[in-house]
Amino acid sequence: MAKNHRTLKNILRGIFNRICLALARNLFPAQLRMPFYRATGMKIGKGTKIAATVDVDQSAPELITIGENVWITRGVMLLCHQRNLAEYEVGKPVMECELKYQPIVIKDGAHIGIGAIVMPGVTIGEGAIIGAGSVVTRDIPAYCVAVGAPARVIKTFEN
């Protein structure tokens with residue numbers, strides 16, 4: 001019985017998250033989006049703006065932490081889960097591999113360009129700039145520009 005209760009609780013939480021994220025994705029202006037993102041468990045700092053059409057991982061938004069004064073532009077995807085391919089083998093359907101969940105951390109002052117994808121387990125450093133269309137598969141240091149798929153640092157800023 002307890003297992004069914006947890007399953008029902010997870011289903012209800014999933015429905016709630018999807019409703020909040022659908023509203024947040026389409027509301028205008030950006031300030032109206034933040035309460036809906038926060039209601040899903042996302043941690044979002046002051047002054048942060050998340051543009052319309054940003055896709056947030058619906059199954060684990062509580063794993064996303066975004067600092068202050070961050071700008072996430074249109075079409076960005078924030079993914080906190082992926083298939084664990086360590087279990088994958090020839091002849092096995094990939095959908096049978098378990099999902100692994102990892103947090104995303106975007107630190108103060110970062111900027112994520114249009115259409116970028118941030119993969120699970122990534123930390124984007126303070127003041128980092130992620131170029132449009134980049135796929136961030138590993139940590140990005142503070143105060144740099146990273147572009148490409150996979151994203152690589154092409155410029156760093158020094159004091």
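Because only heavy atoms are used, hydrogens play no part in the values below, and waters and symmetry mates are left out as well, while side chains stay in.
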Any side-chain heavy-atom pair of [X] and [Y] under 4.5 Å:
X: V135; Y: M119; value: yes
X: I50; Y: I44; value: yes
X: I106; Y: L78; value: yes
X: L27; Y: F36; value: yes
X: L85; Y: V94; value: yes
X: Y101; Y: L63; value: yes

Return the minimal non-hydrogen interatomic distance between [X] and [Y], and the atom names on each side.
X: V54; Y: Y37; answer: O-OH, 4.0 Å
X: G113; Y: V76; answer: O-CG2, 3.3 Å
X: I140; Y: A128; answer: CG2-CB, 4.1 Å

**Asked** Could K92 and Y88 be counted as a cation-pi pair, given that NZ or CZ must be under 6.0 Å from the ring centre and within 45° of the axis?
**Response**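 No, K92 does not lie over the aromatic ring of Y88.
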Indicate yes or no for a side-chain donor-acceptor contact from [X] to the backbone of [Y] under 3.5 Å, with no hydrogens or angles considered.
X: N69; Y: D108; value: no
X: T40; Y: N17; value: no
X: T137; Y: P150; value: no
X: S134; Y: A116; value: no

**Residue pairs passing the side-chain hydrogen bond (donor to acceptor under 3.5 Å, both in side chains) test where at least one lies in residues 54-67, sequence neighbours excluded** = R18-Q58, R25-D55, D57-S59, D57-H81, S59-H81
**Message:** With a 4.5 Å cut-off on side-chain heavy-atom distances among I, L, V, M, F, W and Y, is there a chain of contacts connecting I130 to I64?
**Reply:** yes
**Prompt:** Out of curiosity, does M34 fall in the hydrophobic cluster containing I112 (side-chain heavy atoms, cut-off under 4.5 Å, transitive links)?
**Reply:**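 Yes, it is one cluster - the side chains of I112 and M34 are joined through contacts under 4.5 Å.
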**Message:** Looking at R83, I'd like to know if its CZ atom is crowded, meaning that more than 12 non-hydrogen atoms belonging to other residues, nucleotides or ligands lie closer than 6.0 Å.
**Reply:**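 Yes, the 6.0 Å shell around CZ holds more than 12 heavy atoms from other groups.
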